[in-house]
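Quick caveat, the model's predicted, so the values are computed rather than measured.
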Amino acid sequence: MRLVFTRDLIPGMLTGGEVTDVAGAVKLLKQGICLTQSQITKLQNWGVPFLYLDDGTDYDRIKFSGVDMIKINFAKVYQEIMHDVGHMFRYIKKFREVPVMQMKALADHKISLLVETIGALDYLLEMRCHSEHTFQHSLNVAVIAGVLGKWCGYQGEKLKNLVLAGLLHDIGKVVIPLSILDKPGYLSSAEFAIIKQHTAEGYQLVKTSQQISQDVKLSILQHHERMDGSGYPAGLAGDEINDGAKVIAIADIYEAMTSDRVYRSKMTPFEALNIIADQMFVGLKPEICLTFFDNMRNYLTGSSVALSNGLEAKVIAFDAKEKHVTRPILYVQNGTCIDLQKEALRIVGVYG
Ligand SMILES: [Fe+2]
């Protein structure tokens, strides 16, 4: 058996086990099914990130490289957590009650494993072809917030709380009608007003819990507040906003931009960072943004990318003087170097 990303499937491959949707709630395919193109397309539309194939090979006997093993373990843990989070979000939707201890245990033990994995954000990009589901978006935000929090110096209980806040930040969406939440295209002002209620609704769900810290509660309530006072629900500004909420805000934007949505395809990390750079001196805390850029530029250096002119290239450096610039210098297949700050070309794909 081997683990294969859904985007790499080709017709004729055999499923090595039962395939379910990302939440583990719906059985999609049995073991031993010979995949057709139509089934592969459906799996991609369901947002199944990967599955096990039976290719007759005893993979236990094969030596994987260290990087392969880290990636495989990350994918396994991610899938386990996804099932758990899916169950928990359905429980919250049904009973309007948060299973606090289970969610804390998940954040403290399992999600922390993903946060501590070197290369977590690279692997995460591969896991989430689609994150239409609130619970999958929430898990991804928990991991991104944890990684960004570590880069900002969070540790111990403070870091665990930040990961939990990422996991819980959108729980208020369980009370928003799916017809509005999943609506493709633009929302009317009345519909947007209903969406905005998810922050206060989420806070209501946890506000009396003794096991959840005030930082986590405020992160849920304030993750759409903005430094210039333009956010919601209260229009708070600057220091009035909880520090964790400011980290979650950036992780939330980055996750949303780098995931496929009904109304648009996912952006590359470069495009997502550009959007964050545009908001850095307006709504987002500049210090956190700059820490994110610094570390992401290290992350992205060495990546293979596709350019808008059809050429492939490798990221070799970023302009060290301009910390918020996300247009790197590239080494192109044909042996030339391109400084994207001086060219109109765009990066349209990243291959790790
Ligand atoms: Fe939100």
Side-chain angles (χ1 to χ4, degrees), residues 107 111 115 120-121 124 128 131 134-154 158-173 176 181 192 195-203 205-206 212-259 261 266-267 269 271-296 323-324 326:
I111 301 178
V115 171
L121 296 193
L124 200 61
R128 54 201 172 103
S131 57
T134 298
F135 70 83
Q136 190 177 1
H137 165 72
S138 301
L139 168 57
N140 295 336
V141 169
V143 177
I144 297 165
V147 172
L148 175 54
K150 275 181 63 181
W151 289 339
C152 291
Y154 282 61
K158 207 174 159 197
L159 182 62
K160 285 179 179 174
N161 277 334
L162 188 64
V163 172
L164 182 63
L167 185 61
L168 296 176
H169 77 288
D170 268 350
I171 45 164
K173 285 190 176 169
I176 310 292
L181 214 51
F192 191 49
I195 293 263
K196 283 177 167 180
Q197 291 170 4
H198 79 276
T199 49
E201 294 283 359
Y203 181 71
L205 282 167
V206 295
I212 295 183
S213 73
Q214 188 64 1
D215 275 337
V216 174
K217 292 174 186 172
L218 291 179
S219 293
I220 295 168
L221 181 65
Q222 298 175 356
H223 69 275
H224 286 286
E225 299 286 3
R226 293 295 178 259
M227 294 291 284
D228 59 352
S230 65
Y232 62 87
L236 302 178
D239 290 343
E240 294 172 321
I241 307 169
N242 175 272
D243 283 339
K246 292 170 187 164
V247 178
I248 302 292
I250 295 168
D252 189 20
I253 294 171
Y254 181 78
E255 203 288 332
M257 295 299 157
T258 52
S259 296
R261 287 288 185 270
K266 65 182 174 187
M267 295 178 187
E271 292 168 306
L273 291 175
N274 268 330
I275 285 177
I276 292 170
D278 285 345
Q279 296 181 32
M280 165 163 83
F281 294 108
V282 191
L284 303 174
K285 185 164 179 174
E287 291 88 339
I288 307 173
C289 293
L290 289 171
T291 301
F292 195 33
F293 295 149
D294 257 359
N295 286 277
M296 285 306 291
K323 295 279 185 196
H324 62 287
T326 53

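- Residues Ile288 and Cys152 form a side-chain contact, since some pair of their non-hydrogen atoms from C-beta on lies under 4.5 Å apart.
- Between Leu168 and Ile212 there is a side-chain heavy-atom pair separated by less than 4.5 Å.
- Here the straight-line distance linking atom CG of Leu148 with atom CD1 of Ile250 works out to 6.0 Å at 0.5 Å rounding.
- Nearest heavy-atom pair, Leu162 versus Gly149, reported as atom, atom and distance to 0.1 Å: CD2-CA, 3.5 Å.
- In summary, the side chains of Ser230 and Asp228 do present a donor paired with an acceptor at a separation below 3.5 Å, with no hydrogens or angles considered.
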Item checked: Asn140 vs Tyr254, side chain to side chain contact (heavy atoms under 4.5 Å, CB included): CA-CA, chis, key distance, verdict -> CA-CA 10 Å; Asn140 295 336; Tyr254 181 78; over 6 Å; no

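- Note that the CD1 atom of Ile220 and the CG atom of Leu205 stand 8.5 Å from one another [nearest 0.5 Å].
- Side-chain contact annotation: His223 with Asn242, donor-acceptor N/O pair under 3.5 Å absent.
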Checklist line | Step-by-step side chain to side chain contact (heavy atoms under 4.5 Å, CB included) determination, Met227 to Val282 | finding: CA-CA 7 Å; Met227 294 291 284; Val282 191; over 6 Å; no

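- Across every non-hydrogen atom of Leu221 and Pro233, the tightest pair is O-CD, 3.2 Å.
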Note to self: Show, in sequence, the C-alpha distance, side-chain angles and deciding distance for Leu124 and Thr258, and conclude whether the side chain to side chain contact (heavy atoms under 4.5 Å, CB included) test is met.
What the structure shows: CA-CA 10 Å; Leu124 200 61; Thr258 52; over 6 Å; no

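- For the pair Leu284 and Ile253, the minimum side-chain heavy-atom distance is below 4.5 Å.
- In this structure, the separation between CD1 on Ile248 and CD1 on Ile241 is 13.5 Å, given to the nearest 0.5 Å.
- In terms of modelled atom types and a separation under 3.5 Å, the side chain of Glu225 and the main chain of Ala237 share no donor-acceptor contact.
- Not a single donor-acceptor pair under 3.5 Å links the side chain of Glu255 to the backbone N or O of Val141.
- When only modelled atom types and interatomic distance are considered, Thr291 and Glu287 share no side-chain donor-acceptor pair under 3.5 Å.
- Atom-to-atom distance recorded for Cys289:SG and Ile276:CD1 is 6.5 Å, nearest 0.5 angstrom.
- The shortest side-chain heavy-atom distance between Ile171 and Val206 falls under the 4.5 Å cut-off.
- Residue Asp170 holds its CG atom at 6.0 Å from OG1 of Thr134, rounded to the nearest 0.5 Å.
- When side chains are defined from C-beta on, Phe292 counts as touching Leu273, because their heavy atoms get closer than 4.5 Å.
- The backbone N or O of Ser219 sits nowhere less than 3.5 Å from a side-chain atom of Lys246 that would complete a donor-acceptor pair.
- Put simply, CZ on Phe293 and CE on Met280 are 5.0 Å apart, with the number rounded to the nearest 0.5 Å.
- If you run side chain to side chain donor-acceptor pair (under 3.5 Å) between His169 and each of His198, His137, Gln222, only His137 comes through.
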Item checked: Stepwise side chain to side chain contact (heavy atoms under 4.5 Å, CB included) test for Leu139 and Phe135 -> CA-CA 6 Å; Leu139 168 57; Phe135 70 83; over 6 Å; no

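- Using a 4.5 Å heavy-atom threshold, the side chains of Leu121 and Met296 count as touching.
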